[in-house]
Every structure is written in structure tokens, then in C-alpha cells.
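Worksheet for the structure shown next.
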Amino acid sequence: MLSISSMDEKAARAEIDRLRKEINYHNYRYYILDSPVVTDAEYDRLMKTLQDLEAAFPRLITPDSPTQRVGEKPLAAFGTLKHSIPMLSLGNAFSDEDAIEFDARIKRQANLPPGEKIEYVGEPKMDGLAVELVYEGGSFARGSTRGDGVIGEDVTQNLRTIRSVPLKLTGKAPPYLEVRGEVFLPLEAFRKINRERESKGEPLFANPRNAAAGSVRQLDPRTTASRPLDIFCYGLGLAEGVEIKTHFESLELIKSLGLKVNPFVRRLLGIEEALGYHREIEEKREGINYELDGVVLKVNSIALQERLGMLTRSPRWAVAYKFAPKQESTRVKDIAVGVGRTGALTPVALLEPVQVGGVTIERATLHNLDEVERKDVRPGDTVIVQRAGDVIPEVLTVIKEKRPSGAKEFRMPEECPECGSRVERVGAIHYCTGGLLCPAQLRESIRHFASKRAVDIEGMGDKHVEQFVEAGLLRDVADIYIELTPDNLRNLAKWKDKSISNLITAIERSKNPTLERLIYALGIKGVGERLAMVLAKHFGSIEDLMKANEEELINVPEIGPGTAKAVVDFFREPHNRQVIEKLRKAGVVFPKDQKVGGPLAGKFFLFTGALESFTRDEAKDLVISLGAEAAGSVSKKVDFVVAGAEPGSKYDKARELGLRIIDEGEFRRMVGRK
Ligand code: IVH
């Protein structure tokens with residue numbers, strides 16, 4: 001390529017076109033097919049070149065350029081967009097009988113013999129937010145929410161930030177096309193957002209759907225861009241120059257244009273197959289990383305769809321066959337108050353046991369006093385509880401009609417229910433001021449320290465930690481390494497040789513955490529996993545982090561003033577400094593020099609099969625501590641595939657791609673563990 005300064009507009013245009021095509025292709029490989037063919041660094045270079053060229057020739061910037069995903073300015077309010085064809089909703093079926101009746105009704109209405117097998121398309125019913133994407137001349141022109149079905153909100157800026165929404169269609173794009181789909185948030189991302197919100201004291205999203213809707217209906221597109229939203233498209237609106245005979249063909253067309261269609265979509269012959277499909281997807285439901293609330297059955301033939309027509313708000317040719325609900329009603333026996341690691345008091349509804357989506361529920365969180373007051377939950381009330389995205393069950397609403405007379409409003413206690421210390425309110429949250437003198441805070445901070453994402457000590461579950469604290473063995477987290485000796489454990493109820501030796505081994509194993517896990521484990525207010533990693537990469541050692549003042553901390557990307565203050569306060573507290581010293585003396589190794597860099601910086605490792613001398617997590621932590629990254633799936637960006645015993649399909653795929661495969665011995669030499 002010529003240097004940018006020596007290019008005229010014509011040459012620049014050609015180069016810009018070429019780069020956009022190439023980047024769009026890589027986006028498609030990455031976000032739609034989940035199988036990239038370039039490294040992140042190569043991708044970044046292409047993007048940088050395109051940005052530079054566009055900066056030099058701003059007249060050539062078009063809205064469908066891959067550089068134009070994230071708009072800068074928040075909106076004051078959303079505009080509205082009218083759907084050319086109304087966006088309908090669906091009738092529901094809740095049982096096989098309902099679905100069979102749906103099938104029978106279709107045959108009656110279309111005068112088909114009862115024995116005829118109708119061809120359906122089965123699709124998962126994603127629980128997110130319905131949107132319409134409009135493509136003009138193959139470029140993404142605008143997009144809207146469903147709204148009332150006729151008029152929706154113009155959320156174009158936000159939809160542009162979703163990586164699986166192509167800004168330019170591939171293949172032979174129709175001149176004008178409306179595509180409908182469901183925007184959703186993967187469960188893992190939903191949980192992470194809520195963890196972050198919790199640590200910042202912000203209100204939680206009740207379920208992934210609300211989180212997705214809240215992210216799309218955001219006036220600041222930068223917030224939307226920071227949420228890993230995804231989309232599955234499930235149908236067409238107005239489409240010029242498109243001739244199709246079946247719904248399935250429309251899905252194939254959508255796919256061929258580079259849009260994402262749910263991989264579980266299937267053609268089904270007759271209602272029997274459709275019932276089987278419903279059962280199959282419901283079984284798969286727990287293993288799928290986004291929320292489903294049922295399957296949608298759609299008549300495949302467009303001609304038959306047209307013969308059947310519509311009801312007022314929904315078509316006669318489709319039905320949502322729902323899964324067992326994740327909401328149920330039950331009675332609140334009482335409202336208790338739990339005390340968390342940071343001292344936050346959480347009101348919890350104690351419930352008459354009830355089955356929700358296959359799990360018995362006896363407690364549901366009420367988050368904080370504002371929430372209790374907003375929902376006006378009182379002991380004795382009948383409430384709707386929900387279990388969403390396998391988060392902690394929560395109370396959704398109160399059925400006021402069923403409130404017993406004289407039901408008293410809930411009050412937050414003025415003293416901590418666990419230790420009697422004074423309770424203090426900060427924003428929406430009430431805190432116990434007892435610190436680690438409060439057995440609940442002590443218990444929770446120890447549990448957090450030992451948890452899987454922190455230093456990961458297996459066998460330090462709720463009950464055991466409670467037992468150790470009650471027995472007076474643990475007064476801070478360092479006591480884990482000092483007091484949990486075989487002799488001390490033998491004196492406790494239910495501890496036998498085998499369980500003792502398992503716990504001791506697990507404790508020994510936890511003595512070499514990575515710096516980021518260690519920082520996370522300390523439980524500093526506002527420092528979740530993400531910020532722990534940021535701090536570890538920036539400071540490289542606990543000593544340097546401890547020395548940092550607020551100003552230095554605020555200058556670290558992603559660290560805000562609140563977190564900066566919390567970090568400084570934490571390390572200023574003599575008790576916390578003593579605990580860190582005590583941990584060190586007890587044999588916990590505080591890693592050093594984990595700044596960006598490290599001997600394996602920039603390398604990607606993928607592990608497959610069982611290793612002899614490391615667990616998978618240990619091996620991953622090890623490479624991360626040396627500056628490398630652990631990849632989750634096979635792709636060309638992987639530099640080393642470490643193959644243990646009985647490697648899986650990743651091994652075959654790695655061979656196909658010609659990746660460098662090493663055995664455990666070579667891996668050990670590479671990481672300096674002879
Ligand atoms: S089709 C005429 N297909 O469910 C057909 N909808 O109550 C209209 N949804 O607003 C919708 N997954 O938000 C269809 N595979 C799917 C769907 C789906 C989720 C949502 C969509 C719609 C609501 C219908």
C-alpha cells in the first residue's frame with residue numbers, strides 16, 4: 001500500500017473499500033461464525049489503517065464503515081419509527097394439549113384433513129427484546145424496538161454497537177429489507193454486569209431480558225457498546241425483490257446475508273415432531289448460555305400462512321409453546337435480614353417452599369430497603385417469585401388483594417442482627433458498622449477469599465466456614481493458613497481423616513494465587529474480578545498497589561474516584577495491613593511483576609485433555625501470570641495447544657488448522673516448571 005500522504009482520493013477510495021471488505025469478513029468470521037481466521041493484533045492493524053485513511057479523507061466516511069459502530073454523543077431522547085408491517089406478538093400454548101389444539105385448529109380453518117401432517121419450523125423463543133433492522137442498498141440504515149407493534153423507538157445508534165448486527169450485508173442484498181430478531185444478553189454477561197452493579201451499590205437487573213432491554217434503550221450508546229449484546233434474527237418484515245415460498249427459506253436468506261440465525265432452528269413434520277422438539281429444547285435449556293422461555297412453532301408454507309391470516313395482535317399460523325415458568329406465587333412467612341461481606345444488610349423473604357422451574361425455593365432476595373418499600377412486601381403477603389438466568393430468586397410483585405389484614409410494614413433494624421453494632425445508611429444500602437468483629441462479615445469475607453474465583457479453596461463452603469468461625473478458629477482470612485491444622489480440625493464435629501486431608505491439600509494449593517485473584521480475594525469494596533485484573537496489570541505487585549495514592553489510582557483506566565478511595569482506605573486500615581503481613585508469614589506467595597509484559601506476553605494458550613501436574617485452572621493461571629492469555633476455543637490466534645491425556649475435539653480441530661501442539665513436558669519447560 002502507498003503511504004497515506006502520497007495517496008489521492010481515488011487511490012484512497014480503492015484502499016478504503018478493500019479494507020472495509022476485509023474487516024467485514026473478519027467481523028463475520030468472529031461474531032457470526034465464531035471462528036476467526038486472523039489474530040486480534042492483525043485485526044487491530046487493519047482497523048487502524050482504515051481509521052487513519054478515513055481521518056485523512058473524511059469525505060469518504062460512510063455510516064456503514066466498520067469504524068462507525070460507536071457513536072459518541074448520548075441522545076436527549078429516542079425518536080420514533082413506524083414499522084411498515086406491524087410487529088405482532090404470539091399466542092401461547094402451555095401444554096402438549098394446547099399445541100395439539102393449535103395444530104387441529106389450523107387444519108379446521110384451512111380445510112385440511114385431520115390426518116394431514118403440517119410442516120412447521122421450530123425455533124427457540126429467546127427472552128430478550130424484539131427489534132427491527134432496516135437495510136437499504138445492503139447497508140444498515142436504522143433500527144427500532146417493537147414498541148406497541150406499530151410504532152417503536154429509534155435505537156439505531158445502539159443497534160450499531162452490536163457486533164453481530166452487520167453494518168453491511170454480504171451476498172446479494174435486496175434493495176430494501178426489514179429483518180426482525182431478538183436482542184439478548186448471554187447469561188454470563190448478565191451475571192457479570194449484576195456483580196459489577198452490586199459492588200457499586202447500583203440497582204440490579206431482575207433478569208437478562210431487563211438487562212438487554214435496559215442496554216438497548218440507553219441514551220448513551222457507549223454504555224450499550226460496553227455490553228456484549230447479541231441477536232438472533234427470526235423473520236422478515238417488508239422485503240423488496242425477495243421471493244420466497246417458505247419461512248425456512250427466509251431464514252436461509254437471512255443467514256446468507258451475514259445475519260445471525262439461531263442454530264437450533266429446525267423443520268418439523270407434523271405436530272408430533274413439534275412436541276418432541278419442544279421437549280428436546282427444554283432439556284437443553286439449562287446448558288444454553290442465553291435465556292429461553294419456550295419454542296415458537298411457525299407454519300412453514302407462506303401460502304398456508306396467508307390462508308390462515310391473523311387475529312388482532314397475533315398470527316394464526318404461529319404459537320409460542322412455553323416452558324415451565326420460572327415464576328410462581330407463594331406466601332412470605334417472614335422477612336429476615338442477612339449481613340454480607342461488606343456489612344451490607346440484605347432483606348430476604350422467607351417463603352413457603354415452592355417449585356420454580358424445577359427447583360424448590362425457600363428464600364428470595366429483596367435487595368435493599370428501597371426495593372422492599374417500592375414493592376411494599378410485608379410478612380404474610382402472597383408474592384410472585386422469579387428465578388431468572390439462574391440468579392438468586394427474587395420477589396417480583398405482591399398480590400395486594402391477598403394481603404391479610406394487619407400485615408405490618410417491614411423495618412430495617414437499627415442494630416446489626418448478627419453482632420448488635422450500629423447500622424448506618426449509605427445511599428440505598430444499610431451497613432453494619434461492626435467490621436470484622438461482626439461474625440457475619442467475617443464469615444462472608446472468608447468465604448469470598450476462599451471462593452472459586454478468588455484463591456479457590458475447595459471445601460470451604462458456607463457451612464464449614466460458619467463452623468470454623470463459630471469454633472473461634474478463624475478471626476481473619478490469614479487464620480485459614482494458621483489455624484486449620486489437622487489437630488484443630490480433628491476437634492470439630494464431622495471432620496474425619498479423609499476430609500481433613502482433602503482440606504489441607506486444598507489450602508496448600510491455594511498458596512500461589514495470581515496477583516489478580518489475590519487482589520480480588522481481599523474483598524476491597526468495588527473491586528470485582530475485572531478491576532482486580534486492571535490493578536494487577538497496572539501495579540504488578542501488592543506492594544506497589546499498597547503504596548498508590550488516590551490520584552495515581554484515578555489515573556488507571558477504568559478506576560473511578562469511588563474505587564480509588566476504597567483501595568486507599570482499605571490499605572490504610574492497620575488491620576488489613578496486618579492481615580496481609582500475616583498471610584505472607586503463613587506462606588502465601590505474593591506474586592511480583594505481573595505487569596503487562598512477562599515472558600509469554602501476547603501468546604495464546606489453549607488446553608485440551610487432562611494434564612498430570614496441573615488442573616486446567618492452575619495451568620491457565622500460570623500462563624496468565626507469565627503474561628499470556630488462555631483461549632477458550634480453537635482458532636488461528638492460538639499459539640500453543642497444550643494436549644494432555646485424551647484430548648477432545650479441540651485437538652482434531654487444532655490439527656486441521658495446523659496449530660502448534662505441545663505436550664505437557666514441553667509446556668512445563670516453557671513455563672519453567674521442570
Ligand atoms: S416470531 C409473528 N420468533 O416473542 C411472529 N418471536 O410474543 C412474531 N420472540 O415480540 C414473533 N423468539 O420478542 C418470534 N423465534 C422467535 C422469537 C420471538 C423470541 C419474541 C419476540 C416477540 C415475542 C412474541
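Every number for a ligand or one of its atoms is a count from 1 in the order of the listing. Remember, it's a predicted structure, so these values are computed and weren't measured experimentally. We're numbering straight along the sequence, starting at 1. What you see below is based on every heavy atom in this structure, not just the backbone, and it leaves out hydrogens, waters and symmetry mates.
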Checking the N or O distance criterion of under 3.5 Å, is ligand 1 in contact with [X]?
| X | value |
| --- | --- |
| Leu129 | no |
| Leu90 | yes |
| Pro124 | yes |
| Glu123 | yes |

Exercise. Between Asp376 and Arg378, does at least one N-O distance fall below 4.0 Å, as a salt bridge requires?
Worked result: yes

Do [X] and [Y] make a side-chain contact, defined as non-hydrogen atoms from C-beta onward lying under 4.5 Å apart?
| X | Y | value |
| --- | --- | --- |
| Arg285 | Glu282 | yes |
| Pro186 | Asn289 | yes |
| Phe140 | Leu159 | yes |

Exercise. Aromatic ring centroids of Phe184 and Phe232 under 6.0 Å?
Worked result: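 Ring-ring flag for Phe184/Phe232: true, centres closer than 6.0 Å.
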
Note the single closest protein heavy atom to [atom], along with its residue, its atom name and the distance in Å.
| atom | answer |
| --- | --- |
| atom 2 (C) of ligand 1 | Pro315 CG, 3.4 Å |
| atom 12 (N) of ligand 1 | Met126 N, 3.2 Å |
| atom 21 (C) of ligand 1 | Glu182 OE1, 3.1 Å |
| atom 6 (N) of ligand 1 | Tyr234 CZ, 3.5 Å |
| atom 8 (C) of ligand 1 | Leu88 O, 3.7 Å |

Within ligand 1, which atoms have a heavy atom of [X] less than 4.0 Å away?
| X | value |
| --- | --- |
| Val296 | 3 (N), 15 (N), 16 (C), 17 (C) |
| Ala130 | 10 (O), 13 (O), 21 (C) |
| Ser89 | 7 (O), 24 (C) |

Exercise. Quick one: does Lys298 get within less than 4.0 Å of ligand 1, heavy atoms only?
Worked result: yes

Exercise. Out of curiosity, Tyr28 OH to Leu259 CG, how far, rounded to the nearest 0.5 Å?
Worked result: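 Separation between the atoms: 9.5 Å.
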
Problem set entry | Arg217 to Phe78, cation-pi by 6.0 Å centre distance and 45° axis angle |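 No, Arg217 does not sit over the ring of Phe78.
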
Exercise. Applying a 4.0 Å heavy-atom criterion (strictly less than), which segment of Arg146 is in contact with ligand 1: side chain, backbone, both, or neither?
Worked result: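 Under 4.0 Å from ligand 1, Arg146 contributes side-chain atoms alone.
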
For this session: Assess the side chains of Tyr43 and Asn27: does a donor N or O sit below 3.5 Å from an acceptor N or O?
Result: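 Looking only at side-chain atoms, Asn27 and Tyr43 do form a donor-acceptor pair, the distance falling under 3.5 Å.
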
Problem set entry | Between Arg267 and Thr246, a side-chain donor and acceptor under 3.5 Å | no

